Amino acid sequence: MRKKVIAGNWKMNMLPDAAIRFIDELIPLVKNTENEVVLCVPYTDLFYSLLAAQNTNIKIGAQNMHWEENGAYTGEVSGRMLKSIGVEYVIIGHSERRQYFAETDETVNKKIKSAFKYGLKPIVCVGETLAQREEGKAIEIVTNQIEKALEGLTENQAENTIIAYEPIWAIGTGKTATKEDANEMTKAIREKISYLYGQMVANRVIIQYGGSVKSSNAKELFSMSDIDGGLVGGASLDATEFAKIVNYEN
Ligand code: PGA
């Protein structure tokens, strides 16, 4: 059985005092879950969040990283830097970064390799636009993103890459993919990984769904055969709501 991984993506929200209050509130609400609980927070919240979540089952992640270890890259933060303060996860290739910050399949691939080099667990985002879905190209586009993202990874690395399938038209729009459509895509992703790395690896890879996940739809989505939890944006900004998503089975 694959573990469910429920990750919050705060995006560019939450000052440190709010982050600490959020985590203090979340700790008792999720302490009994068997699901993996991750909060991907802005860089400025990382250290405070790591301290607030110390000795709990809440893991802290970043939302981006550079692939180089150090150097003349003004404004960037490396995987080694994240690891040095105790960060465990990092989102790579979120559609907002692909759209607004020129992230490409090639930089995504470099960042994943660098994340593994420094012992971080990458959460890699893929997803199609509405136009691509309407043209019937969604599966082709997304499985192609997967192939490019994983290029050159070892079996072990591929197995430990968390994939977040996030249809771009469902992010922050209130429109969620139907559970059937979301499951169809996560299955297609798993088949692609099976083709690249074999069935054993494919069976073990965590594939999340993301895009307007909330407490009212988490259960139906996360109960599908190939959906192993979610990457949650807007609904992760409220501790009670996020806890309900983590505890979706109850
Ligand atoms: P949303 O964002 O839950 O607000 O749609 C998801 C994401 O961008 O990861």
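Indexing begins at 1, ligand by ligand and atom by atom, following the structure's order. Predicted model only: the values in this text are computed from it and were never measured. Quick note: residue numbers are just sequence positions, from 1.
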re atom 3 (O) of ligand 1, the protein heavy-atom contact at minimum distance is G233 N, 2.8 Å

When distances are taken from atom 9 (O) of ligand 1, the protein heavy atom at minimum range is E166 OE2, 2.7 Å

In ligand 1, the atoms that come under 4.0 Å of a heavy atom of K11 are 2 (O), 7 (C), 8 (O)

As a quick check of understanding, evaluate side-chain contact (heavy atoms from CB on, under 4.5 Å) for E147 and L196, giving each step before the final call.
CA-CA 8 Å; E147 186 161 0; L196 296 168; 4.2 Å; yes

How are the rings of F22 and F242 set relative to one another: parallel (under 30°), tilted (30 to 60°) or perpendicular (over 60°)?
-> tilted

Taking only non-hydrogen atoms of G234 and a 4.0 Å limit, the atoms of ligand 1 in range are 1 (P), 3 (O), 4 (O)

Ligand 1 to G172, heavy atom cutoff 4.0 Å, flagged ligand atoms 1 (P), 4 (O), 5 (O)

>> Salt bridge or not between K3 and E36? Use side-chain N to carboxylate O under 4.0 Å.
In response: yes

Original post:
Are A235 and ligand 1 in contact, using a heavy-atom cut-off of under 4.0 Å?
Top reply: no

Is the shortest heavy-atom distance from the side chain of M65 to the side chain of V77 under 4.5 Å? no

G210 heavy atom under 4.0 Å from ligand 1
no

Ligand 1 to G211, heavy atom cutoff 4.0 Å, flagged ligand atoms 5 (O)

Notebook entry, point to check: Is E249 salt-bridged to K4, going by a charged N under 4.0 Å from an acidic O?
Noted result: no

With heavy atoms and a 4.0 Å threshold, my read on which part of I171 contacts ligand 1 is both

Exactly one of T186, I207, V205 clears side-chain contact (heavy atoms from CB on, under 4.5 Å) with D226, and that residue is T186

Per side-chain contact (heavy atoms from CB on, under 4.5 Å), V124 is matched among T161, V90, I162 by T161

In ligand 1, the atoms that come under 4.0 Å of a heavy atom of S212 are 1 (P), 3 (O), 5 (O)

Check: Are any of the side-chain heavy atoms of E128 and Y165 separated by less than 4.5 Å?
Finding: yes

- [ ] Work out whether the distance between some heavy atom of A170 and some atom of ligand 1 is less than 4.0 Å.
- [x] yes

Under 4.0 Å from one or more heavy atoms of H94, ligand 1 contributes atoms 7 (C), 8 (O), 9 (O)

